Student: 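Dropping a structure here in structure tokens format, bear with me for questions.
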Amino acid sequence: MKQRVAAFLRDKLNYDVILEKPRDRSFGHFATPIAFSLAKELRQSPMTIAQEIASSFGEDAIFTAVESVQGYINFRLSETFLDEYASWALSHGDQFGSGDKKGSILLEFVSANPTGPLHIGHARGAVYGDTMLRLGRHLGYDITAEYYVNDAGNQIDLLGVSLQLEGRSSLLGESVQWPEKYYRGEYLSDLAKEVVNEFGADALRDESRQKELALWAKDKILALIVDDLASVQVHFDTFVGEASLYDEWDRVMAKMGDSVYLSEGKTLIKSSQFGDDHDRVVVREDGRPTYLAGDIIYHNQKFERGFDHYINIWGADHHGYIARVNAAVSFLGYNPDKLEVLLSQMVSLLKDGEPFKMSKRAGTVILMSDVVEEIGSDALRFMFASKKCDTALEFDIEELKRQDSSNPVYYVQYAHARIQTLIAKSEMDMETIMAAKLHGLSADADGLLFEALLLPEIIDDAFESRQAQKLPDYLKALAAKLHKFYYDTKIIGNEDEAKLLKLLLVVALSLKTGFSLLGIEAKDRM
RNA sequence: GCGCUCGUAGCUCAAUUGGAUAGAGUAACGGACUUCGGAUCCGUAGGUUAUAGGUUCGAACCCUAUCGGGCGCACCA
């Protein structure tokens, strides 16, 4: 809708006009501060310019009124325009708000190590990434969702050790010497039992089989993670394993040329040229590659696959890593501007008002699956999607679990359910409703209609600004308007019943479309 | 110490990215319908936007300094 209006204004005035929401809806549907920015170059007061522009509009198809107020220009849309746009939206169903944006994007997110099930901290990145995925696809982008599996390195060795020790301790009753760092949790004792069934108890004692067991366990755990993700409606297109990349190492090294050098038996890259504190080791003295090496090959592979744009969603604790990867991408001969790294800030937990630290060793990890079981996928997704991802956020554990009717997701779902109830209750048939013209609406009804029709702009804005929380914010506002309208206006039996039901159908459409982009079910009954 | 980042109502978060009177939820208090679903609605109260300067028609947003929190500063991933 906004695009149509903006395009109309561009034709008419010959420059791009920024359209905003007016402070007060009684001013009109849209407003622009354009006169302020023109004031300087025209050397006239904003008021005069605004008046001049406003008076240049006569009767036309889109606006019924164009007024200047204190330098702002306010536009009021015509009923014909709004009704035609609403009818168009209803006939397009859940394609409402979709776009024809061009370009392919590789979106990498979650990428949690396959050493344990997802905990609540992972949920934020998963929900945020998946919401961006859904928004982008709705807008027309060709997006591939990818999970990078760190299946090489120390943590895999540690997994093998932990698995054997866990089995020997809990299944074989041996007293074992736990190392400094190790994994623990219910999933490990389950896996140990499987080891005994599949490989025999001896496998738990044979140190030479640690690697084999670790790799076997890694696949099992990845399957757990995939299940965890599926339980919150998150699905990936591709999984890329770190271990599978190292065959490419020599070729990738050669590609980086003299940006790589040897020093004291180690191989380093000149990442300090890109704002990194110092150059980074990529191959140790003993020939083992570092984590960065894997990421360099991975990003080389990403760019060789030829996407138009790349988005990585990382936890904020990796922010120091951006310079290194940018340096590597550049050394490989690619444009680092194509790689966009979005940081999802830490989720910190409170218990009884005190900071609560999840610890794998102490067994105090709060699993995402436990929270999903407690509050459900819809509530969890709405909660995480509602938070702007670049601010750290705190959750009280008890509050997290207590979230019931106080959770805004139910407020929004209730709005949708109310509309469905009315539609079911009314004796009007769909044809009559659709044929009604949305003319002569009250100010409240007009405001509700306009709000519901804003969805496409919200989707576009939420994706392009990478701020997914704008969608839940919008849905909450739309639901609030609906509830208020419902309270004030009796619909069934109203002389304008057909008209009002059509209006409510538009609201329901926006709610349902918005929900589906959040991976949440729009309920007809609650 | 250096780098990045954040600081908005008691709490959790917004603010159309520099625009009109800084808004929601929640907690507190008070109220509403014998009526389409009370998981609702309305009201009261709550703010020197961490602090001090600066930039301009205009600042929560940009610049500088200070204070405070988070994260990073590995040959771990």
Side-chain angles (χ1 to χ4, degrees), chain A residues 2 18-24 27 30-33 35-37 39-40 45-47 69-72 74 111-113 115 150 152-156 158 181 242 264-268 275-278 280-286 288-295 315-323 343 345-346 348 350 353 383 386-388 390-396 399 404-415 417-419 421-422 424-426 454 457-458 461 465 467 469-470 472-473 476-477 479-480 482-494 497 525-526:
Chain A
K2 196 167 172 179
I18 299 163
L19 286 175
E20 298 174 343
K21 192 161 101 185
R23 186 83 218 117
D24 190 320
F27 287 145
F30 288 113
T32 181
F36 292 101
S37 36
K40 211 174 264 175
S45 88
M47 310 265 228
V69 179
Q70 291 170 29
Y72 287 85
N74 298 323
S111 298
N113 287 343
T115 52
N150 293 125
N154 285 348
Q155 83 277 10
I156 290 297
L158 209 55
K181 285 179 74 177
E242 181 186 357
E264 299 168 21
K266 305 165 213 170
T267 310
L268 294 90
D276 201 357
D277 299 335
H278 46 83
R280 299 288 161 176
V281 174
V282 288
V283 183
R284 303 173 177 93
E285 219 166 337
D286 61 9
R288 284 157 53 235
T290 65
Y291 177 76
L292 181 59
D295 240 1
D317 52 344
H318 285 66
H319 78 254
Y321 205 73
I322 296 175
L343 296 176
Q345 289 291 331
M346 300 288 100
S348 52
L350 296 177
M383 185 164 29
S386 298
K387 314 291 182 186
K388 193 160 70 173
D390 63 0
T391 51
L393 81 108
E394 288 185 343
F395 276 121
D396 192 293
E399 202 176 317
D404 39 40
S405 59
S406 63
N407 190 307
V409 73
Y410 299 109
Y411 182 82
V412 183
Q413 279 175 327
Y414 185 41
R418 274 185 148 169
I419 296 173
T421 305
L422 286 177
K425 239 175 193 155
S426 167
L454 281 175
E457 286 86 282
I458 304 295
D461 187 26
S465 68
Q467 296 190 17
Q469 88 283 355
K470 293 189 175 199
D473 281 351
K476 275 185 273 187
L482 182 277
H483 284 308
K484 179 164 171 50
F485 186 74
Y486 178 93
Y487 189 84
D488 292 339
T489 315
K490 176 121 165 84
I491 314 273
I492 294 191
N494 191 303
E497 184 173 333
R525 254 201 307 268
M526 303 187 59

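Note that the coordinates shown come from a computational prediction; the quantities given were computed from them, not determined experimentally. Here is how names work: the chains are called A, B, and so on, in the same order as the sequence lines, proteins then strands, and each is numbered from 1.
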Student: What residues, two or more places apart in sequence or in another chain, satisfy side-chain hydrogen bond (donor to acceptor under 3.5 Å, both in side chains) together with T32(A)?
Tutor: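 Applying side-chain hydrogen bond (donor to acceptor under 3.5 Å, both in side chains) to T32(A) gives none.
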Student: What nitrogen or oxygen pairs link the protein and nucleotides 72-74 of chain B at under 3.5 Å?
Tutor:
{"residue": "C73(B)", "atom": "O2'", "partner": "D277(A)", "partner atom": "OD2", "Å": "2.9"}

Student: Could you state the NZ-P distance from K387(A) to U26(B), rounded to the nearest angstrom?
Tutor: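 About 12 Å, once rounded to whole Å.
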Student: Using whole Å, report how far OH of Y72(A) lies from P of C57(B).
Tutor: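 The distance from OH of Y72(A) to P of C57(B) comes to 15 Å, rounded to the nearest Å.
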Student: For K476(A) and for T290(A), locate the closest nucleotide of RNA chain B by heavy-atom distance; then report the residue assigned to the nucleotide nearer the 5' terminus.
Tutor: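 Closest to the 5' end, via its nearest nucleotide, is K476(A).
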Student: Run the side-chain hydrogen bond (donor to acceptor under 3.5 Å, both in side chains) test against E285(A) and tell me which residues pass, sequence neighbours left out.
Tutor: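 With neighbours one apart ignored, the set is empty.
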Student: Roughly, in whole Å, what's the span from CG in D276(A) to C1' in C4(B)?
Tutor: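 Rounding to the nearest Å, CG of D276(A) and C1' of C4(B) are 13 Å apart.
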Student: Describe the nucleic acid contact of T489(A) in one word from base, sugar-phosphate, nothing, applying a heavy-atom distance below 4.0 Å.
Tutor: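 The answer is base, as T489(A) lies within the cut-off (heavy atoms under 4.0 Å) of a base atom.
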Student: Given the P atoms of U26(B) and G7(B), what is the spacing between them in whole Å?
Tutor: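 Going atom to atom, P in each nucleotide, I get 24 Å.
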Student: Counting only distance, no hydrogens or angles, is the base of A77(B) paired donor-acceptor with the side chain of D295(A) under 3.5 Å?
Tutor: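 By the distance-only test, no, there is no pair.
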Student: According to side-chain hydrogen bond (donor to acceptor under 3.5 Å, both in side chains), who are the partners of H483(A), at least two apart in sequence or on a separate chain?
Tutor: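 Counting only residues at least two positions away or on another chain, H483(A) forms a side-chain hydrogen bond (donor to acceptor under 3.5 Å, both in side chains) with R418(A).
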Student: Restricting both atoms to N or O, compile the protein contacts to nucleotides 41-43 of chain B shorter than 3.5 Å, with distance only.
Tutor:
{"residue": "C41(B)", "atom": "OP1", "partner": "Y411(A)", "partner atom": "OH", "Å": "2.4"}

Student: Reading RNA chain B 5' to 3', how would its secondary structure be written in dot-bracket notation, given Watson-Crick and G-U pairs with both distances under 3.5 Å, brackets [ ] for crossing pairs and | for partners on other strands?
Tutor: (((((((..((((.....[...)))).(((((.......))))).....(((((..]....))))))))))))....
Student: How would you label the contact of Q467(A) with the nucleic acid (heavy atoms, under 4.0 Å): base, sugar-phosphate, or nothing?
Tutor: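 Q467(A): base contact, heavy atoms under 4.0 Å.
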